[in-house]
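Chain identifiers are assigned alphabetically (A, B, ...) following the order of the sequence lines, protein sequences preceding nucleic acid strands; residue numbering begins at 1 within each chain.
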Protein chains: 2
Amino acid sequence: MVHVRTDTDRWVDMLREHGHHITAQRLAVMQAVSHKPHITADEVAEASRAEIGSISKQSVYDALHVLVQVGLLRRIQPEGSPALFEDRVGDNHHHLICRDCGCVVDVDCAVGDTPCLTARNDQGFVIDEAEVAYWGRCPECHTHHITR
Amino acid sequence: MVHVRTDTDRWVDMLREHGHHITAQRLAVMQAVSHKPHITADEVAEASRAEIGSISKQSVYDALHVLVQVGLLRRIQPEGSPALFEDRVGDNHHHLICRDCGCVVDVDCAVGDTPCLTARNDQGFVIDEAEVAYWGRCPECHTHHITR
DNA sequence: CGAGAGTTTTGGACTCAGTCAAAGTTTACC
DNA sequence: GGTAAACTTTGACTGAGTCCAAAACTCTCG
Ligand SMILES: [Mn+2]
Ligand SMILES: [Mn+2]
Ligand SMILES: [Zn+2]
Ligand SMILES: [Zn+2]
């Protein structure tokens, strides 16, 4: 019987590689985020509780921090929103954000793979990330807006 | 004697055009922001108090909101920072942000004038702003970091 | 398997930036 | 100058997240 490498296996390895313990809480948090990208800490808590019975608010935040550190999760925080977490990492993708309903949608980088890391004049800064947020209205909200 | 059109004149006109009252508080807030770009609400309060004696926290927030609305100010909010205000508006410039000291520096848009408003695939969104934040280390922080 | 070291989780108090709401004050306009 | 609308003040309140010290757990090694 062949062993199929599951997501969980990957998460476990990644945590171990970085010298972290494997806990039910951390796996539940990964599960929650992988099932709903751009999820809030609060929603993660809710989903994790459904999964493992109970988890404290603090553990959710701790787990999210560790998982971001080891590179399994990415944290974004649009203005006016609490932090959002996603498991699509390492591809430097960007986000479309609706001003009305706040929904967030992935969008591939317009420039390339390791892209947009070059500002026209970097003023001596050593840049490691270019974060792009496109603000506007999602299709639904736009329709409502003009037909009102 | 010729009348020289001051910044204050411009602020006053702009407020009036939008049907807002001219108040000492609003002018003091404009003054504060124009003297220190990327200033926090708290720092605005402090500076305004020095200018006009006293102003409540709430009035500072109210004034900042109105001034953003009429287009005299712009509000940005890097992750992990309270909101920052600046009077350089309408030029779609972007920001370099230091991960260590949090300092914020202006950088011209890499694309052009009404630029970067085109995502590769906008998924039906009607985009009105492309916000770009370049994250990294400022010259000083970078030096300290590698020589430590 | 069992013990010990080191890590993680918990719950509760706390912070910080910002908002709400009601009463008092100022501004604009006739 | 008098009036209505707009603005400011004060103080309580919220939401998201952090701090802390004690209790519980995971991992490693004998
Ligand atoms: Mn995303
Ligand atoms: Mn700026
Ligand atoms: Zn929408
Ligand atoms: Zn710095």
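Among D/dA16, C/dA28, C/dG6, the nucleotide with an atom closest to any side-chain atom of A/Pro82 is D/dA16. Set against D/dT8, D/dC27, D/dA16, the side chain of B/Arg26 has D/dT8 as its closest nucleotide. Candidate nucleotides D/dT18, D/dA6, C/dG18 were compared by shortest atom distance to the side chain of A/Tyr61, and D/dT18 ranks first.
In this structure, A/Ala63 reaches neither bases nor backbone, as no heavy-atom distance under 4.0 Å exists between it and the strands shown.
No salt bridge links A/Arg16 with A/Asp9; every basic N to acidic carboxylate O contact stays at or beyond 4.0 Å. Under a 4.0 Å N-O distance rule, the pair B/Glu46/B/Lys36 does not qualify as a salt bridge. A salt bridge does not link A/Asp87 to A/Arg10: none of the charged nitrogens lies less than 4.0 Å from a carboxylate oxygen.
Following rounding to the nearest Å, A/Leu15 (CG) and C/dT7 (C1') show an atom-to-atom distance of 13 Å.
OP1 or OP2 of D/dT18 has at least one side-chain nitrogen or oxygen of A/His65 nearer than 4.0 Å. Between B/Thr23 and D/dT8 there is a side-chain polar atom (N or O) within less than 4.0 angstrom of OP1 or OP2.
Residues A/His93 and A/Glu86 bring a donor and an acceptor atom of their side chains to less than 3.5 Å of each other.
Without hydrogens or angle criteria, B/Arg26 side chain to B/His21 main chain gives a donor-acceptor distance under 3.5 Å.
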Using a 4.0 Å heavy-atom cut-off to protein, can you give one letter per nucleotide of nucleotides 10-16 of chain C, 5' to 3': B if the base is in contact, S if only the sugar-phosphate is, - if neither?
BB-----
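Qualifying ring-ring contact (aromatic ring centres under 6.0 Å, His included) partners for B/His38, counting only residues two or more places apart in sequence or in other chains: B/His95.
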